[in-house]
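Notes follow the structure.
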Amino acid sequence: MSKEVILTGVRSNAELTLGNYLGAILPLVRLQQRYSGDYQINAFLPDLHSITTPTDYDQLYARTIYNLRIFAAAGLKLDDPNTLIYRQSYIPAHCELTWILDSFIYYGELSRMTQFKEKSQGQESVSASLFNYPALMAADILLYDASYVPVGEDQRQHLELSRDVAIRMNNLFGDLFVVPKSWEEQVKFNHTGARIRSLKHPEFKMSKSISDPSGTILLSDSPKDARHKILSATTDSFSLIDYDFKLRPGISNLLLIIATIQNKAVEEVTLEWKGQTSYAKLKQTAAELVESELEKLQANLALVTENEALKALAKHESTVREVANIKLAKVQASVGLRPKQ
Ligand code: TYM
């Protein structure tokens, strides 16, 4: 039997944040360290998703390569024999499968996606691709029969839509796709599914596409600046530490940051701090962890060359194109676009 697939990607629409790092990059690196050999890992760069909202088009190409260097600096081995590394736009089957999936995903389902609602709110013009974003994401996942998709909690709805369309098409055409694991199983597998919040407005997620400089830690921030941002994070007036995003979002955010960096369940870290009254001590701990994590990451980044990243992409993309085309052909035959296989 072939290996189960773990797959994730990070867009290159803007500079990466601590949220991206803790929600997706670090979980993937840890999964590779722990399970490579037992699983097939796909670490890909969703560059087509990066243009669903206006971006700096002059920077996009370089930023995509830069993001791969960040993955490597975070510890992802680019030469691991069980890891495939590729850019979405270099594998045409992603777009072709998207169109087919689009014909089995309902307008109502796409309209209900909260990310679409949030990102389109207040915008004068909203691209059709932003609306269609989850169909492309489903294609990214289903094309490779991925079971595990380590993403932040903001992507849960998209993952669930991918499951729904896989199940729907399997019911119609037989076993076409592996259905990705449910959210609960995903979280159990990779310990996270985090949603890191803004340090200034902890009711909102930390986002690379919203301007919130003091609430957002960029991976390119100086470690000292990052430390200061944590030390001046918004908290509350309860003066009692507990994990409760409704009542204490700022404090809960710090507990989540600590837990994710330390690779512990947030319940475990909460137990260590619950009932304590010094927010300063908690901030200090989170600040030190983030500062040293960024120091490490940035020192490693300087050692990963662009050439190395490009070489890994060139090596994998032709293999991936073949893998993807086999699946695409199977789907095309099932829906009547090609003769039955
Ligand atoms: P993107 O680039 O918006 O986000 C990349 C990853 O970072 C996570 N993330 C967060 N996690 C925790 N706290 C936050 N504040 C935070 N902000 C972002 C996201 O959940 C994501 O895991 N649609 C994906 C990219 C994608 C993809 C895929 C992922 C395209 N196709 C297929 C997996 C499988 C996204 O949100 O990118």
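Whatever order the structure lists them in is the order used to number ligands and atoms, beginning at 1.
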Exercise for the section: Measure from the ring center of F238 to the ring center of Y279 and say whether it is less than 6.0 Å. Expected result: no
Exercise for the section: Give the contacting part of D140 toward ligand 1: side chain, backbone, both or neither, where contact means a heavy-atom distance below 4.0 Å. Expected result: side chain
Practice task
Step through the shown structure and confirm whether more than 12 heavy atoms of other residues, nucleotides or ligands are within 6.0 Å of OH on Y57.
Solution key: yes
Practice task
Assess whether atom CD of E268 is packed by more than 12 heavy atoms of other residues, nucleotides or ligands within 6.0 Å.
Solution key: yes
Handout entry: Distance-only N or O hit between ligand 1 and E153, under 3.5 Å
Key = no
Handout entry: T8 N/O under 3.5 Å from ligand 1 N/O
Key = no
Practice task
Indicate, with yes or no, if the rings of Y144 and F44 have centres closer together than 6.0 Å.
Solution key: no
Exercise for the section: Check the surroundings of atom CD in E322: do more than 12 heavy atoms from other residues, nucleotides or ligands lie under 6.0 Å from it? Expected result: no
Problem - Nitrogen or oxygen of R11 less than 3.5 angstrom from that of ligand 1 - result: yes
Practice task
Report the C-alpha separation of M137 and Q155 in whole Å, then their side-chain angles, then the decisive distance to 0.1 Å, and conclude whether the side-chain contact (heavy atoms from CB on, under 4.5 Å) test is met.
Solution key: CA-CA 10 Å; M137 183 159 162; Q155 297 300 308; 3.4 Å; yes
Practice task
Could you establish whether K208 and ligand 1 come within less than 4.0 Å of each other, counting only heavy atoms on the residue side?
Solution key: yes
Handout entry: Q88, any N or O under 3.5 Å of ligand 1 N or O
Key = no
Handout entry: ligand 1 N/O within reach of P46 N/O, cut-off under 3.5 Å
Key = no
Problem - Atom indices of ligand 1 within 4.0 angstrom of V149 heavy atoms, with elements - result: 33 (C), 34 (C)
Handout entry: Residue and atom name of the nearest protein heavy atom (relative to atom 19 (C) of ligand 1), distance in Å to one decimal
Key = D154 OD1, 3.4 Å
Problem - Ring centers of Y90, H316 separated by less than 6.0 Å - result: no
Problem - Protein contact of atom 10 (C) of ligand 1 - nearest heavy atom, named by residue and atom, plus distance - result: G19 O, 3.3 Å
Handout entry: Heteroatom proximity flag, M206 to ligand 1, N/O under 3.5 Å
Key = yes
Handout entry: Check: E293/Y21 side-chain N/O donor and acceptor closer than 3.5 Å
Key = yes
Practice task
Look only at interatomic distance and state if M137 has a nitrogen or oxygen under 3.5 Å from any nitrogen or oxygen of ligand 1.
Solution key: no
Problem - Neighbour count above 12 (heavy atom, 6.0 Å) for K77 NZ - result: no
Handout entry: N325 (side chain) donor-acceptor with R321 (main chain) under 3.5 angstrom
Key = yes
Handout entry: Nearest-contact summary for atom 6 (C) of ligand 1 - protein heavy atom, Å
Key = A24 CB, 3.5 Å
Practice task
Please indicate whether E306 has more than 12 foreign heavy atoms, meaning atoms of other residues, nucleotides or ligands, lying under 6.0 Å from its CD.
Solution key: no
Practice task
Looking only at distances, please establish whether an N/O atom of ligand 1 is found under 3.5 Å from an N/O atom of G152.
Solution key: yes
Practice task
Under 4.0 Å from a heavy atom of Y133: give me the atoms of ligand 1 that qualify, with their elements.
Solution key: 23 (N), 24 (C), 35 (C), 36 (O), 37 (O)
Exercise for the section: Pull out every atom of ligand 1 sitting under 4.0 Å from any heavy atom of L7, numbered as shown with elements. Expected result: 32 (C), 34 (C)
Exercise for the section: State if S207 counts as touching ligand 1 under the rule of any non-hydrogen atom under 4.0 Å. Expected result: no
Exercise for the section: Would you kindly specify which portion of I196 sits under 4.0 Å from ligand 1, judged on non-hydrogen atoms: side chain, backbone, both or neither? Expected result: both
Problem - From N20, L16, L159 - option closest to atom 5 (C) of ligand 1 by heavy atom - result: N20
Completion exercise
Ranked by distance from atom 25 (C) of ligand 1, the top protein heavy atom is G9 O, 3.6 Å
Fill in the blank from the handout: shortest atom 30 (C) of ligand 1-to-protein heavy-atom contact is with H49 ND1, 3.2 Å
Exercise for the section: For residues Y106 and F104, establish whether the separation of their ring centroids is below 6.0 Å. Expected result: no
